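Inspection log for the structure reproduced underneath, given as structure tokens.
One is the number of the first residue; the rest follow in order along the sequence. No experiment lies behind these values; they were computed from the predicted model shown. The figures here come from the full heavy-atom set of this structure, side chains too, leaving out hydrogens, waters and symmetry mates.
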Amino acid sequence: MTRDRWRVPVPPHLHGKAPRKHWNANALAFLGDSVWELYVRRRFFYPPSARDSYFSQVVRHVRAETQELLYKRLLDSGFLTDAERDVLRWGRNATGVTPKRLADTGLKRETYRAATAMECLCGYLYLSDPERLHAVMGLLGLGDDDGAEGSSSKGSASATPAPAEASTGGGGS
């Protein structure tokens, strides 16, 4: 497959099942977590770098705090459809309490909920509209180099934010 046509791996065949009707928000966030990380790893893979550099950049961008910043940016962008906003709201409300491993870091519950919402949207779009997923990730600076491929005429929201110094803690889910 050529670079111009690259996307994430082909979604599984859903046998006519709609993602929101047959999977709960936590299941879509579970899938979306891996999709998010693939986009982040792809974004920082080039130019070639030392392994530690790859690791620190990826960790910074899969953290719940960064996902929360991008969640806010996405909501403010006007780029999302009403259905996508509903998926974000659904994913945000799906989480219970902050996982114990993250609560010890002082991570706020709202941060974790926003991160789960982003992962839920990624999982949903991966299954239902991979081209739209690529456009959303491009808007967030996690797509192709220009950060705007597939985005609307509203333009790109620029590159990903520079989050606070990362620890080796995990992401949003």
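- Minimum interatomic distance between Ser77 and Leu139 (heavy atoms only, all atoms of both residues): OG-CD2, 3.8 Å.
- Counting all heavy atoms, side chain and backbone alike, Asn26 lies closest to Ala94 at ND2-O, 3.5 Å.
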Exercise. Show the numbers, then the answer: is there a side-chain contact (heavy atoms from CB on, under 4.5 Å) between Arg109 and Arg113?
Key: CA-CA 6 Å; Arg109 184 170 185 237; Arg113 291 176 69 193; 4.0 Å; yes
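- Under the 3.5 Å distance criterion, the side-chain polar atoms of Thr66 are left unmatched by any main-chain donor or acceptor of Val62.
- At a cut-off of 3.5 Å, with distance as the only test, no side-chain donor of Thr111 or Glu65 sits close to an acceptor on the other residue.
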Practice problem: Show the numbers, then the answer: is there a side-chain contact (heavy atoms from CB on, under 4.5 Å) between Leu121 and Leu125? | Solution: CA-CA 6 Å; Leu121 180 64; Leu125 289 175; 3.8 Å; yes
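- Nearest heavy atom pair, residue Arg43 against residue Gly141, reads NE-O, 3.0 Å.
- Within the model, atoms CD of Glu68 and OH of Tyr112 stand 13.5 Å from one another, a figure rounded to the nearest 0.5 Å.
- For Arg132 and Phe79, the positive end sits near the middle of the six-membered ring, less than 6.0 Å away and at most 45° from its axis.
- Residues Ala25 and Cys120 come closest through the heavy atom pair O-SG, 3.8 Å.
- Partner of Leu70 under the side-chain contact (heavy atoms from CB on, under 4.5 Å) criterion, out of Val136, Leu75, Leu140: Leu140 alone.
- Rounding to the nearest 0.5 Å gives a distance of 9.5 Å between CE of Met118 and OH of Tyr71.
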Practice problem: Apply the test side-chain contact (heavy atoms from CB on, under 4.5 Å) to residues Leu133 and Cys122: give CA-CA distance (whole Å), side-chain angles for both, the deciding distance (0.1 Å), then the verdict. | Solution: CA-CA 7 Å; Leu133 169 67; Cys122 283; 4.2 Å; yes
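- Between Val40 and Gln57, the closest side-chain pair of non-hydrogen atoms is not below 4.5 Å.
- Side chain of Trp36 to main chain of His61: a donor-acceptor pair is present (N/O by atom type, distance under 3.5 Å, no hydrogens or angles).
- For the 3.5 Å distance criterion, the side chains of Ser56 and Arg60 qualify, holding a donor opposite an acceptor.
- For Arg41, the side chain to side chain donor-acceptor pair (under 3.5 Å) partners two or more places apart in sequence, or in a different chain, are Glu37.
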Practice problem: Test Arg92 against Glu110 for salt bridge (charged side-chain N to carboxylate O under 4.0 Å, His left out), laying out the working first. | Solution: CA-CA 9 Å; Arg92 191 175 179 286; Glu110 292 303 311; 2.2 Å; yes
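- To the nearest 0.5 Å, atoms OG1 (Thr116) and CG (Asp33) are separated by 9.0 Å.
- Contact record, Trp90 with Trp23: CH2-O, 3.3 Å, taken as the closest heavy-atom pair.
- To the nearest 0.5 angstrom, Leu69 atom CG is 10.5 Å from Gln67 atom CD.
- Residues Val35 and Glu119 fail the side-chain proximity criterion, which asks for heavy atoms closer than 4.5 Å.
- By the side chain to side chain donor-acceptor pair (under 3.5 Å) test, Asp86 pairs with Arg89, sequence neighbours left out.
- In this structure, CG in Leu38 is found 9.0 Å from OH in Tyr126, a value given to the nearest 0.5 Å.
- Pairing each heavy atom of His134 with each of Arg42, the nearest pair is CE1-NH1, 3.8 Å.
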